[in-house]
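These notes are about the structure you will find just below.
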Amino acid sequence: MEILSLETSCDETAAAVVSDGTKVLSSVVASSEALHQKYGGIVPEVAAREQVRTIIPVIHEALERASVGWGIDAIAVTYGPGLVGSLLVGVETAKALSWVLNKPLLKVNHLLAHIYGAFLISPDPALPPLPAYPRIEFPFVALVVSGGHTDLLLMKGHTTYRWLGGTRDDAAGEAFDKAARLLGLGYPGGPAIAKAALSGQAGAVDPLPRPLINSPDLDFSFSGLKTALLKRVSYPSLSYSPPFPIISPLPPLTPLTPEQVNLAYEFQEATTDTLTHKTILAGKKYNTSTIVLCGGVSANICLREKLSVAAEKEGIQVLVPDFKYSTDNAAMVGSRAFFAPSVSLGELTAEAGLNY
Ligand code: KG4
Ligand code: ZN
C-alpha cells in the first residue's frame with residue numbers, strides 16, 4: 001500500500017511516498033529556515049506563506065521520485081500540533097487531493113509520527129539490499145524530544161499508549177534554540193550548540209544544573225537551565241534579548257571564544273544527562289527491552305551516544321531514526337498513517353494544540 005503523506009506543522013514543507021509503512025519511496029523536505037535566520041526564530045506568517053508557495057512543487061517532486069504518478073492508495077497529513085497557519089496549508093491541500101482523487105484521507109498526530117521515523121528504510125536501487133530492519137515490537141518506551149515537546153511514552157501497541165511524563169516548562173529543543181541565541185551561535189540552535197560543543201572541553205566551566213534529575217517522576221524541566229546559562233554569559237550584548245528590535249545577531253564570523261564553546265559543551269551535557277537519565281528510568285520502571293529516541297533533538301549525536309551506552313548497561317536496545325528522519329519530514333507521517341490509520345470522515349481541521 002502506497003501512501004502520499006504531507007507534513008507542514010512548522011517551517012518545513014514536506015511530502016513523501018511510503019510503501020507498507022516502512023519503505024520510503026521518496027521523501028522531499030523544503031525548509032524556510034534561511035528566511036527565519038535573521039529573526040533568530042521562526043516567524044509563523046513567513047513560514048505559512050512559503051508553504052503555500054512550495055507545497056505543490058514539493059508534492060510533484062515526491063511523486064516523481066517515487067515513480068508512482070498519482071497511483072497512490074491514500075493521502076496522509078499532519079493535523080497537529082504545530083503552527084496553525086502552517087498546518088492549514090497541509091490539511092487543506094490533503095483534503096483537496098483526497099476529494100479530487102477519491103482516495104481516503106488519513107489524519108496523523110505529528111508527535112506520534114516522530115516515533116515511526118525510527119522504523120523507516122530508504123531502499124536505494126544503486127546499493128546492495130539493506131539488512132533486515134528492526135520490526136516494530138511492543139511494548140517500548142519512546143522519548144519524543146523536539147522543538148515544542150519533550151515527552152516519555154509507553155507504547156503498548158500502535159493505538160494503545162500511555163503518557164509517562166514530560167517537560168513541566170520548556171521543551172529541550174526550545175532550550176537548545178534559546179541557549180544558542182544567548183551564546184550568540186545563531187539559529188537553528190540545536191545543530192549550532194552541537195557544533196560549538198565539539199570544540200569545548202569537559203570541566204572547563206563550572207557545571208550547570210541538571211533540573212529534576214534526582215526526582216523519582218518521569219518529568220523534565222529546562223527553563224531553569226536556560227536561566228542558569230543566562231547568568232553565566234559574561235558578554236552583556238548577548239546575554240539580554242530585548243523584545244524590540246527582534247532582529248537577533250547573526251552567527252559571528254569571528255572564531256568562537258573559549259567561553260562560547262565551553263558553555264555550549266556544558267549546556268549540551270546538562271540537557272543530554274537529564275534526557276538520558278529519565279529515559280533509562282522509564283525503560284527500567286516499565287521493564288521494556290527497547291527505547292525509541294525520536295524528534296528533532298534525536299539528531300544530537302551526544303544524546304544518541306549517551307543513551308545508547310546507558311541503555312546497553314541495562315540490556316535495553318535503543319532505536320533512533322536515520323538522521324534525515326529525526327527532524328521534521330513527511331515519511332514518518334506516512335508510516336504512522338499505515339500502522340494506525342485514522343480515516344478522516346468529517347471536516348478535518350488543523351489542531352494547533354493537539355496532544356496525545
Ligand atoms: O522535530 P523538529 O524538527 O520540529 C518540531 O517538531 O519541533 O525539532 C526541531 C528541534 C529544534 O529545536 C532544533 O534546535 C532541534 O530540534 N535540533 C537539535 C539538533 N538538530 C535539531 N537539537 C540538538 N542537537 C541537534 N543536532
Ligand atoms: Zn517535529
Side-chain angles (χ1 to χ4, degrees), residues 5-14 16 27 29-33 36-37 40-42 44 47 51 77-83 86-87 90 108-118 142-151 166-167 170-183 185-198 200 222 225-226 251 264-265 267-276 292-307 320-333 335-336 352-356:
S5 49
L6 309 181
E7 159 62 51
T8 60
S9 65
C10 199
D11 63 336
E12 280 88 8
T13 312
S27 175
V29 183
S31 171
S32 55
E33 187 178 284
H36 307 289
Q37 251 157 12
I42 294 166
Q51 283 159 329
V77 65
T78 297
Y79 74 109
L83 304 170
S86 293
L87 286 166
V108 174
N109 178 320
H110 178 81
L111 302 170
L112 295 169
H114 265 302
I115 298 172
Y116 290 75
L143 172 66
V144 184
V145 63
S146 69
H149 292 78
T150 304
D151 294 302
T167 182
D170 301 329
E174 202 271 346
F176 266 100
D177 292 335
K178 292 293 165 3
R181 190 170 170 153
L182 286 174
L183 292 171
L185 300 175
Y187 168 87
I193 294 267
K195 190 167 169 220
L198 289 175
F222 296 103
L225 177 59
K226 279 184 347 193
Y265 178 93
F267 179 84
Q268 178 172 261
E269 287 295 312
T271 316
T272 52
D273 276 352
T274 36
L275 290 170
T276 300
V292 169
L293 167 65
C294 61
V297 182
S298 73
N300 187 277
I301 292 171
C302 174
L303 176 60
R304 285 175 177 233
E305 285 176 359
K306 245 182 220 182
L307 189 62
V320 282
D322 188 290
F323 283 107
K324 59 182 172 293
Y325 305 128
S326 274
T327 47
D328 288 352
N329 65 89
M332 64 186 195
V333 176
S335 176
R336 168 77 189 162
L354 182 69
N355 223 298
Y356 291 99

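Whatever order the structure lists them in is the order used to number ligands and atoms, beginning at 1.
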Polar-atom distance check: [X] versus ligand 1, any N or O pair below 3.5 Å?
| X | value |
| --- | --- |
| D328 | yes |
| P188 | no |
| F176 | no |
| D177 | yes |
| A194 | no |

[atom]: nearest protein contact (heavy atom, Å):
| atom | answer |
| --- | --- |
| atom 24 (N) of ligand 1 | N300 ND2, 3.0 Å |
| atom 18 (C) of ligand 1 | G190 CA, 3.5 Å |
| atom 21 (C) of ligand 1 | G296 O, 3.4 Å |

Next on the checklist: Under a 3.5 Å distance rule, please check whether N355 uses its side chain to pair with a backbone N or O of G353 as donor and acceptor.
Outcome noted: no

Item to check | Test item: S32 side-chain N/O and D11 main-chain N/O as donor-acceptor pair under 3.5 Å | outcome: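 Yes, S32 side chain to D11 backbone: donor-acceptor pair under 3.5 Å.
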
Item to check | Residue pair M332, Y325: steps toward the side-chain contact (heavy atoms from CB on, under 4.5 Å) verdict | outcome: CA-CA 7 Å; M332 64 186 195; Y325 305 128; 5.8 Å; no

Item to check | F176 ring center near F222 ring center (under 6.0 Å) | outcome: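 Aromatic pair excluded; centres sit 6.0 Å or further apart.
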
Next on the checklist: I'd like to know if the Zn ion (ligand 2) has an N/O/S atom from C10 within less than 2.8 Å of it, counting both backbone and side-chain atoms.
Outcome noted: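 C10 does not place any N, O or S atom closer than 2.8 Å to the Zn ion (ligand 2).
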
Checklist entry - Do any of the N/O/S atoms of H149, backbone or side chain, fall under 2.8 Å from the Zn ion (ligand 2)? => result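 It does not: H149 brings no N, O or S atom closer than 2.8 Å to the Zn ion (ligand 2).
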
Which of the numbered atoms in ligand 1 are under 4.0 angstrom from any heavy atom belonging to [X]?
| X | value |
| --- | --- |
| G147 | 5 (C), 7 (O), 8 (O), 9 (C), 10 (C), 12 (O) |
| H110 | 6 (O) |
| G148 | 7 (O) |
| H114 | 1 (O), 6 (O) |
| G173 | 12 (O) |

Checklist entry - Do we see a donor-acceptor contact under 3.5 Å between the side chains of K306 and T276? => result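 Distance-only check fails for K306 and T276.
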
Checklist entry - Once you round to the nearest 0.5 Å, how far does CG of N300 lie from CG of L275? => result 9.0 Å

Checklist entry - How about L185 and I193: do any of their side-chain heavy atoms sit closer than 4.5 Å? => result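 Yes, close enough: below the 4.5 Å cut-off.
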
Checklist entry - Checking side-chain contact (heavy atoms from CB on, under 4.5 Å) for the pair D328/V29: CA distance, chi angles, key distance, verdict? => result CA-CA 8 Å; D328 288 352; V29 183; over 6 Å; no

Next on the checklist: Need the atom name: nearest N/O/S atom of D328 to the Zn ion (ligand 2).
Outcome noted: OD1

Next on the checklist: Restricting to N, O or S, what is the name of the atom of H114 that lies nearest the Zn ion (ligand 2)?
Outcome noted: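 H114's closest N, O or S atom to the Zn ion (ligand 2) is named NE2.
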
Item to check | From CA spacing to verdict: side-chain contact (heavy atoms from CB on, under 4.5 Å), V108, E7 | outcome: CA-CA 9 Å; V108 174; E7 159 62 51; over 6 Å; no

Item to check | I301, CD1 atom: more than 12 neighbouring heavy atoms under 6.0 Å | outcome: no

Checklist entry - For E12 and N329, what are the C-alpha separation, side-chain angles and deciding distance, and is it a side-chain contact (heavy atoms from CB on, under 4.5 Å)? => result CA-CA 8 Å; E12 280 88 8; N329 65 89; over 6 Å; no

